[in-house]
There are 2 protein chains.
Amino acid sequence: MEERTPRRPRIADVAREAGVSKTAVSFAFNNPDRLAPETASRIRDVADSLGYRPHPVARMLTQRQTHTIGVLTPQALSVIFSNPFFGAFNEGVALAAEQEGYALHFISPLHGSLAQAMSQATVDGVVAVGLSASHPEVEQIRAAGVPLVMVDSSALPDQPGVEIDDEGGARAAAEHLVMLGHRDILIVSVEPPPPALELEPEGVMGRRLRGYRSGLEAKGVEFDPRAVVVAPASIEGGLVALHRAWGAGLRPTGVLVMSDAMAIGVLRAARELGLRVPEDLSVVGFDDIDVSQHVSPPLTTVHQPIRRKGESAVRILLSVVQRRDRDPEQLRLETRLIVRASTGPAPRRRQEVERVRG
Amino acid sequence: MEERTPRRPRIADVAREAGVSKTAVSFAFNNPDRLAPETASRIRDVADSLGYRPHPVARMLTQRQTHTIGVLTPQALSVIFSNPFFGAFNEGVALAAEQEGYALHFISPLHGSLAQAMSQATVDGVVAVGLSASHPEVEQIRAAGVPLVMVDSSALPDQPGVEIDDEGGARAAAEHLVMLGHRDILIVSVEPPPPALELEPEGVMGRRLRGYRSGLEAKGVEFDPRAVVVAPASIEGGLVALHRAWGAGLRPTGVLVMSDAMAIGVLRAARELGLRVPEDLSVVGFDDIDVSQHVSPPLTTVHQPIRRKGESAVRILLSVVQRRDRDPEQLRLETRLIVRASTGPAPRRRQEVERVRG
DNA sequence: CCGGTTTAGCAAACCGGTTTAGGCTAGATT
DNA sequence: AATCTAGCCTAAACCGGTTTGCTAAACCGG
């Protein structure tokens with residue numbers, strides 16, 4: 001007698017074994033009231049003894065829902081997960097999703113195509129983060145007909161979304177430095193990842209840049225485009241950014257950095273250059289990720305409610321997934337400057353900085 | 001004339017519109033060689049004009065695969081994502097998965113039950129991390145018949161898995177401190193999360209504890225169980241752990257911490273207590289997460305190849321998902337001590353520490 | 001002109017469930 | 001006794017695709 005690889009038992013096997021119809025087996029699991037109690041429990045016993053579990057894919061197909069929400073990003077997942085910003089964001093997403101019993105499915109470009117990855121994904125709805133409204137594939141994605149909430153994309157009309165007041169936060173950061181007496185200010189911006197989108201004015205970084213600029217100009221400091229450097233949004237990125245700026249002869253007393261990860265790199269570069277923070281150089285980050293309060297000196301930064309952003313996105317998404325009748329909800333969360341120890345009064349005389357560098 | 005909500009077009013709609021059978025439509029997408037070229041392209045045109053995309057769930061059902069791998073953890077996802085260890089691990093997982101065109105699906109306890117979450121998940125295989133072999137649901141999970149690779153669980157026979165040399169790494173850390181002259185050593189261990197598993201001897205932390213112990217004893221330092229404190233595996237956790245130990249009257253000159261996140265908290269607590277690191281207090285972490293080299297002072301820690309662990313787990317998983325004939329592969333990765341600046345010679349006289357504290 | 005091979009496309013079965021619309025029986029009602 | 005109702009269960013249709021035979025026509029060399 002051959003030992004066959006044991007097929008996974010299906011509903012028909014249970015039905016046959018229990019001497020009932022498939023319908024009865026299905027009812028035993030999903031709708032036991034429609035069966036005599038003893039029949040239902042007998043069916044369940046048989047199912048257990050066979051090790052039967054309803055096939056999740058088949059269920060999805062008939063019920064037309066997957067109980068899964070997708071998190072979509074235009075970047076490779078392998079660059080997302082160890083980014084503390086995404087960590088906190090995903091934490092919020094997970095919190096809201098778990099509460100409602102939804103699982104999480106991550107969608108990233110498949111063979112370079114987001115739309116393709118999207119059409120392969122079995123989700124009830126999608127939270128898109130870091131996807132700019134002008135992304136080439138955004139139309140295809142919307143055309144997939146899956147409920148979609150966009151995060152940090154300048155809102156399309158009719159498109160639910162969550163964003164924050166990037167511009168206001170950046171303006172506060174810039175004004176803070178100016179009020180401390182800084183005049184020579186370096187701006188460190190985020191370089192778009194390889195599949196190089198231009199630095200679009202509608203993107204997050206565009207908004208922050210506008211905020212910096214208006215903050216400077218509001219206080220009478222001229223905005224100098226040559227004092228803007230660009231690097232990858234990582235600790236390393238910030239590190240090389242300051243070194244490069246310094247090497248190019250810039251001698252700022254204050255730095256406005258568009259992400260905390262980069263700001264941490266800037267802090268490190270400052271130490272390497274022999275600059276004391278904040279005595280010689282003031283640094284302001286953006287995002288207020290968890291570690292920012294633990295680095296030394298603790299980082300002055302623009303706080304945004306990252307976890308809440310993730311939670312809200314999921315809440316909004318589920319409200320459209322579950323009842324179709326909603327208006328597209330657009331949520332805007334506040335930012336605020338948190339002054340810690342990485343900023344201080346500008347050094348009196350420029351020489352002071354020069355001397356240290358030498 | 002009523003405006004009906006437009007049904008998603010199905011294969012039958014395309015077939016009717018193009019005047020062919022469903023089979024032909026299917027071929028046009030998956031097996032165009034079996035059709036005359038002009039027929040195939042006509043079908044694809046019709047499909048495009050209708051906005052037709054094959055329904056991913058239906059595909060999964062017939063093809064019996066989902067092109068998705070699951071990442072399973074016994075903890076809530078909302079505690080996972082902003083943990084830098086998981087961040088790096090997931091990065092490795094994502095890297096290997098993306099290379100093979102697999103998406104990622106995260107599975108965490110559903111209504112408290114991992115097995116239930118598991119049976120709902122549509123994945124081709126699962127990487128389980130932080131799931132101890134003695135977890136109450138591990139049998140049900142294995143019984144689901146889904147290929148499974150366990151990470152950091154003491155290997156079950158017949159069960160593919162990836163682990164690291166926790167014990168060896170911990171021993172090296174302990175010996176390092178002893179060689180620097182430390183005799184009063186505090187051990188900070190990880191408290192199991194709420195659904196409180198005991199601190200099992202087979203768990204990761206059990207292995208590390210054994211390593212510390214054997215490292216101490218090998219160098220003739222007695223292991224004192226009262227010098228082991230327990231706290232959550234977070235920066236906060238480490239912070240309160242040292243404060244609590246200090247408050248209880250312990251006066252270690254060296255601390256062995258079972259995770260870098262906690263070690264960073266310990267560093268901070270030391271600063272709050274007025275202790276200089278490493279002059280007054282030496283601190284050794286475990287894991288070597290990315291930030292550890294950026295905190296100040298840079299953290300001496302036991303390195304483990306976290307990303308590679310994730311990658312390897314997925315590689316092994318896919319090798320069994322794709323061809324069933326493999327032996328269960330068990331991989332063990334090395335750890336090594338990385339000495340940075342948070343450890344140094346023990347202070348000469350105990351008084352030195354006492355004085356500082358005062 | 002004939003048997004044999006391609007080629008192009010189709011009908012039907014299948015994946016593994018859920019759901020609709022009844023059917024049958026037994027007890028209650030008229 | 002005939003009709004109604006309630007309770008329990010089922011056959012068949014359905015979700016939306018893929019795959020397996022099979023057939024009819026075109027092609028081919030002899």
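We name chains A, B, ... by the order of the sequence lines, and we start the count at 1 in each one. All values below were derived from every heavy atom in this structure, side-chain atoms included, with hydrogens, water molecules and symmetry-related copies excluded. The structure displayed is predicted, hence computed values, not measured ones.
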- Pairing string of DNA chain D (Watson-Crick or G-U wobble, both atom distances under 3.5 Å; | = paired to other strand) is ||||||||||||||||||||||||||||||
- Query: What pairs of residues pass the side-chain hydrogen bond (donor to acceptor under 3.5 Å, both in side chains) test when at least one of them lies in residues 19-38 of chain B, not counting sequence neighbours?
  - Reply: B:Ser26-B:Asn30, B:Asn30-B:Arg59
- Query: ring pair (Phe, Tyr, Trp, His ring centres under 6.0 Å) with B:Phe106: which residues, sequence neighbours excluded?
  - Reply: A:Phe81, A:Phe106, B:Phe81
- With the side chain counted from C-beta on, respond yes when A:Ile306 and A:Glu91 share a heavy-atom pair under 4.5 Å apart, and no when they do not. no
- Could you tell me whether the side chain of B:Arg308 and the main chain of B:Gly92 form a donor-acceptor pair under 3.5 Å? no
- Which residues within residues 43-65 of chain B lie with some heavy atom under 4.0 Å of an atom in DNA chain C? B:Leu61, B:Thr62, B:Arg64
- Query: A:Lys22 has an atom NZ; how far is it from atom P of C:dA21, in whole Å?
  - Reply: 18 Å
- Kindly write out the residues that satisfy salt bridge (charged side-chain N to carboxylate O under 4.0 Å, His left out) with A:Glu137, not counting sequence neighbours, or none if the list is empty. none
- Return yes if some donor-acceptor pair links the side-chain N/O of A:Ser119 with the main-chain N/O of A:Gln116 below 3.5 Å, else return no. yes
- So the contacted stretch of DNA chain D, first to last nucleotide with an atom under 4.0 Å from a non-hydrogen atom of chain B, runs from D:dC15 to D:dG21
- Looking at DNA chain C, which of residues 31-39 of chain B put a heavy atom within less than 4.0 Å of it? B:Arg34, B:Leu35, B:Ala36, B:Thr39
Can you give the donor-acceptor pairs under 3.5 Å from side chains of residues 49-56 of chain B to other protein atoms, not counting sequence neighbours?
{"residue": "B:Ser49", "atom": "OG", "partner": "B:Val46", "partner atom": "O", "Å": "2.8"}
{"residue": "B:His55", "atom": "ND1", "partner": "B:Val57", "partner atom": "N", "Å": "3.1"}

- Which residues satisfy the salt bridge (charged side-chain N to carboxylate O under 4.0 Å, His left out) test with B:Asp13, sequence neighbours excluded? B:Arg7, B:Arg16
- Query: Who pairs with A:Glu98 by salt bridge (charged side-chain N to carboxylate O under 4.0 Å, His left out), at least two apart in sequence or on another chain?
  - Reply: none
- Query: Under the side-chain contact (heavy atoms from CB on, under 4.5 Å) test, which residues partner B:Glu311, sequence neighbours left out?
  - Reply: B:Leu95, B:Ala96, B:Arg315
- Message: B:Ala133: which residues meet the side-chain contact (heavy atoms from CB on, under 4.5 Å) condition with it, sequence neighbours left out?
- Response: B:Ser154, B:Leu156
- Query: Does any N or O in the side chain of A:Ser153 come within less than 3.5 Å of the main-chain N or O of A:Leu131, such that one atom is a donor and the other an acceptor?
  - Reply: yes
